[in-house]
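What follows is one structure encoded as structure tokens, with my remarks underneath.
Counting convention: from 1, in listed order, for ligands and their atoms alike.
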Amino acid sequence: MLVRLMYVSRAVEGAPPAVLFDILKKSKANNHKAGITGVLCYSEGIFLQALEGARLVVNALYNRIATDPRHFDVMLLNYEEISERHFPNWFMGHIDLSRLNSSVLLKYSEMATLNPYAVSGSVSMALLSELVSAAAVTK
Ligand code: FAD
């Protein structure tokens with residue numbers, strides 16, 4: 001059975017840009033083996049990640065991620081059983097918001113900044129879907 005899980009978190013202060021690179025590299029390798037797909041969006045210290053895959057492995061991964069010392073304030077935004085994946089093309093796609101027109105963020109929030117803490121899970125999911133449609137995801 002497939003599930004999709006989405007959460008938001010804050011990067012620890014002063015985390016070097018290399019941290020994101022390390023996380024993506026490890027994620028792609030691990031997720032490939034575990035059959036997990038998804039996207040990781042990072043902007044100004046905020047992570048927004050969607051994970052899809054078997055219920056057991058997605059739950060285990062989320063529990064592991066939640067204790068990772070490289071971020072904090074981990075908040076579950078959405079968890080659902082799904083019949084098909086939304087992000088089948090990425091073992092962990094990266095969305096770099098700094099390369100995008102701010103109108104995409106403004107469409108879904110009060111300010112042109114990524115703040116999933118202030119909007120509903122369905123709004124954050126709509127934002128991720130739009131970013132995928134806009135081909136903003138890199139492998
Ligand atoms: P190893 O890489 O061998 O790590 C062993 C332990 O060391 C783990 O507890 C790990 O948390 C810790 N660790 C490793 N590197 C560092 C470091 N630079 N600083 C501090 N502690 C460190 N993992 C995935 O597999 N898939 C994902 O999609 C995924 N997404 C993530 C998203 C975010 C925002 C963050 C912060 C982490 C993410 N991770 C992801 C990493 C995850 O939290 C674990 O670090 C990783 O899964 C552990 O992989 P491993 O079992 O191969 O152990």
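- Residue-level proximity to ligand 1 for Y42 is absent, since no heavy atom of it falls below 4.0 angstrom.
- At a 4.0 Å heavy-atom cut-off, ligand 1 does not touch V19 at all.
- At most 12 non-hydrogen atoms from other residues, nucleotides or ligands lie less than 6.0 angstrom from CZ of F21.
- The protein non-hydrogen atom at the shortest distance from atom 50 (P) of ligand 1 is N30 ND2, 3.8 Å.
- By the criterion of a heavy-atom distance under 4.0 Å, the side chain of N31, and not its backbone, is placed next to ligand 1.
- Heavy atoms from other residues, nucleotides or ligands lying under 6.0 Å from CD of E80 number more than 12.
- Contact annotation: for L51 versus ligand 1, heavy atoms closer than 4.0 Å belong to the side chain alone.
- Here P69 has side-chain heavy atoms under 4.0 Å from ligand 1, and that is the only part of it that gets that close.
- For atom 15 (N) of ligand 1, the choice among H71, M92, R70 with the nearest heavy atom turns out to be R70.
- There is no protein heavy atom less than 4.0 angstrom from atom 8 (C) of ligand 1.
- Of the protein's non-hydrogen atoms, the one nearest atom 30 (N) of ligand 1 is Q49 NE2, 3.1 Å.
- Set against the non-hydrogen atoms of I23, the atoms of ligand 1 under 4.0 Å away are 31 (C), 32 (C), 33 (C), 35 (C), 36 (C), 37 (C), 38 (C).
- Put simply, the side chain of N115 does not reach to within 4.5 Å of the side chain of S109, judged on heavy atoms.
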